[in-house]
> 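Below is one structure. I have some questions about it.
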Amino acid sequence: MFLEIKDLSVKIENKNILKSLNLNINKGEVHAIMGPNGSGKSTLANVLAGKEDYEILNGKINFKDNDLFDLNIEERAQEGMFLAFQYPVEIPGVNITPFLHSAINSKRKRMNEAEIDNLSFAKLLKSKASDLGINIDMLKRSVNTGFSGGEKKRYEILQMSILDPDLAILDETDSGLDIDALKIVTDGVNKLKTKNNSFLIITHYQKLLDYIKPDYVHVMVNGSIVKSGGSEIASEIEKDGFQKFQ
Amino acid sequence: MNIQDNYLKNKKNIFFSQNKDIQNHREKLLNVFENDRFDKKNNESLKNINLKNFIDFEYKYLIPDETSVINNNQENSYSIVSVNGHCSSFKDDKIEITKILDEDYNDFSKNDTIDNNDHFVNLNSLFLNSGFKIVIKKNNNIKIKISNIITDDNLTIFQKNNYICEEGSSLNLIEEYENKNNSTSNILNVIKLEKNSQLNHFLIQDNSPNHNLIITSHSSCKKNSIYTQKVYNFSEGYVRNFHYSELVEINSEADLQGIFFLKDDNTSNNKTFVKHLAENCKSNQVYKGILNDHSKATYFSNTHVDQVAQKTEGYQLSKGILLSDNASYFSKPELKIHADDVKCSHGSTIGPIDENAIFYLRSRGMSKIAATKILISSFINEELGSIDNEQMSEIIQKKLVRYLSKVK
């Protein structure tokens, strides 16, 4: 099993958010989690990425034969986990290009691979940026600083394509995107899909899933997955909302 | 030993002891010390310091054996070594350097911008034992680098320097304070900018833990003149930066900036004060601090706009990052505006490093320590990026790397 979440319960500030959650993802699969506001979707994404604000009450997560809780945030990233943030953080003064260069090399170092030199990295970055319709001038700016909502999401996907993760978690990547930007972003995701990597897509709406076809759709309500199935569930939600699952 | 006895004992070694006016002024100052209750709560010059160390001190001063050196190593560029506050005299068609004179003392003692209750400035006036005066002659464009060297342990340097930029002149001044001995330097710089002149003043402070540096400056700017001051404090010993500017004629500007990097149980007290006394003048006061371990800092910024100073633009900003729960930074911005057509603002933000930003960087594979360091560097990126002197920029970068290497 690529990612195995078993009986996971999590709380933050005395509030139980995830309750005995179970989820299995195999290599090459695309899973979507849909759920109403406050159902715990972003908490799950943050817990997987290693955010330290949460208290793990119970459960286990295995990722690529590692106990995920033995790995800190950066070790998870270096092992191939990537979280595309719902609200990417603005970091004034940290230039995009050296930041991403350092990020890719930290991963290569862990994998005992040779570091990528400046020139090769510049070429890689330029080509990936061009695929996503990102202006080269944007790469001279600080991380997410002064970006529009759409630019931030596109930049998340650019980072994802550079880091080439084994498991990408997209936390409401569709929020704040107009239809053209949504298409560019989802095209970028589809290009990255291979039989060796997996995606966990968190969304409220079916629209995103029209562009990225999931193998499985899960409905999450009140911290647990209450229904799993194929893409027909997304259509059901689009038609009737989440009411019937609550 | 109390101040009075200390003064009387060492009077013969103190500058201008024979001058009656100066003696009268000093007697008044002695009375201030005698009668002051040392109100730490309301006197900004007393915050965060152990007053006893500074008031009850053993006076020791050595006239340097070797005369300080001045090299005119490049055209318009001068390198000065000031030893125990002394500097040799020099004169050419562009600059003139002399010892300070009685009249320079009077220049300062009559100044009412600097707080009369500033005990460190008063100590400087009482025990004055060194200093120099530099005049940049009309329409010259000059670079000066001053290395301030203290030769022995336990010296008490009370130094007063005068800088005069004559009309149309421009001075790029770098001052380095890098002393490793156990001494105290109490320095007062009085700076005068005549019409259309400019002074870019950089102060690099990097003293060892037992060296105290108390530095006060007062600049006055005439028509169309610009004074910019950038302070970089990497010292492991106590540093006090109190800097005052007066914009006395139209279209003049003062830009007072500082960054301090504190660790262990070090303390730094900072103050900037700009008085707008004429129309169409601009001022900027920006201090940023990074505080680790048990370090402490204060920053008082103050903009005073006189009723004649219409069309004033005055900005203040204070920012601090606390890298430890035990570090503290007290910031107090103040505006006093007596004119009605002005643009003024002030702001202050102090807090720990942004945990969301740390999480974001770590989620891309960067270690926690690397993420912390990159965020500290980015916090002062704008200030470091604005250094247009390559040599200065390199020096500051090296010192920053050294500071960051101690951040855990």
Side-chain angles (χ1 to χ4, degrees), chain A residues 45-54 71-96 98-111 115 141-145 152 155-156 158-160 162-165 167-169 171, chain B residues 230 232 257-261 286-290 317-321 323 325 347-387 393 396-397 400-401 403-405 407-408:
Chain A
N46 285 327
V47 168
L48 286 171
K51 196 163 191 194
E52 289 159 346
D53 302 352
Y54 302 94
L71 304 177
N72 66 25
I73 303 165
E74 56 269 31
E75 286 167 342
R76 295 177 194 199
Q78 290 160 4
E79 276 294 322
M81 189 175 279
F82 179 89
L83 170 63
F85 281 56
Q86 184 180 359
Y87 303 109
V89 184
E90 293 195 12
I91 311 180
V94 177
N95 187 274
I96 288 169
F99 156 62
L100 266 181
H101 191 185
S102 145
I104 193 171
N105 277 338
S106 68
K107 186 179 173 190
R108 283 172 166 251
K109 203 173 164 188
R110 186 173 176 95
M111 297 298 156
E115 290 195 356
R141 289 159 63 179
S142 297
V143 175
N144 294 319
T145 309
K152 281 181 184 168
Y155 177 57
E156 290 292 284
L158 171 67
Q159 292 182 53
M160 188 172 84
I162 293 281
L163 295 172
D164 192 18
L167 173 66
I169 305 154
D171 187 8
Chain B
K230 294 183 179 178
Y232 306 94
Q257 294 187 33
I259 310 177
F260 52 85
F261 304 82
V286 180
Y287 265 63
K288 288 186 177 178
I290 297 151
L317 182 64
S318 155
K319 283 187 168 185
I321 290 185
L323 297 174
D325 291 345
S348 180
T349 49
I350 299 163
I353 211 147
D354 180 357
E355 286 300 328
N356 286 327
I358 293 271
F359 175 55
Y360 188 83
L361 294 172
R362 291 181 74 190
S363 77
R364 301 308 184 239
M366 205 171 264
S367 71
K368 189 175 183 182
I369 188 75
T372 304
K373 287 176 183 181
I374 206 171
L375 289 174
I376 294 172
S377 300
S378 72
F379 174 67
I380 48 170
N381 185 54
E382 201 180 315
E383 286 71 24
L384 298 187
S386 71
I387 304 173
S393 181
I396 303 296
Q397 284 293 351
L400 175 62
V401 168
Y403 178 82
L404 291 178
S405 73
V407 173
K408 298 280 180 263

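Just so we're on the same page: letters track the sequence lines, and every chain starts at 1.
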> Can you tell me which portion of A:Asn144 sits under 4.5 Å from chain B's heavy atoms? Options are side chain, backbone, both or neither.
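Side chain only.
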
> When you look at A:Leu83 and A:Leu48, which way does the side-chain contact (heavy atoms from CB on, under 4.5 Å) test go after all the steps?
CA-CA 9 Å; A:Leu83 170 63; A:Leu48 286 171; over 6 Å; no

> Is a donor on one side and an acceptor on the other found under 3.5 Å between the side chain of A:Arg76 and the backbone of A:Leu71?
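Yes: the side chain of A:Arg76 pairs with the backbone of A:Leu71.
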
> Against chain B, label A:Pro88 side chain, backbone, both or neither, depending on which of its atoms sit under 4.5 Å from a heavy atom there.
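Its backbone and side chain both get close to chain B.
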
> Is A:Glu52 close to chain B through its backbone or its side chain, or both, or neither, when contacts mean heavy atoms under 4.5 Å?
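The side chain, not the backbone.
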
> Looking at B:Gly385, B:Ala370, B:Ala357, B:Ser377, which one has more heavy-atom pairs under 4.5 Å with chain A than the rest?
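Option with the greatest count: B:Ala357.
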
> If you apply the rule side chain to side chain donor-acceptor pair (under 3.5 Å), what do you find for A:Tyr87 with B:Asn356, and how did you get there?
CA-CA 10 Å; A:Tyr87 303 109; B:Asn356 286 327; over 6 Å; no

> Is the number of heavy atoms from other residues, nucleotides or ligands under 6.0 Å of A:Lys51 NZ greater than 12?
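It does: A:Lys51 NZ has more than 12 such atoms within range.
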
> Are B:Lys368 and A:Glu74 close enough for a salt bridge, meaning some N to O gap below 4.0 Å?
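Looking at A:Glu74 together with B:Lys368, the answer is no, because their closest N to O distance does not fall below 4.0 Å.
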
> What part of A:Lys107 lies closer than 4.5 angstrom to a heavy atom of chain B: side chain, backbone, both or neither?
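Contact with chain B involves no heavy atom of A:Lys107 at all.
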
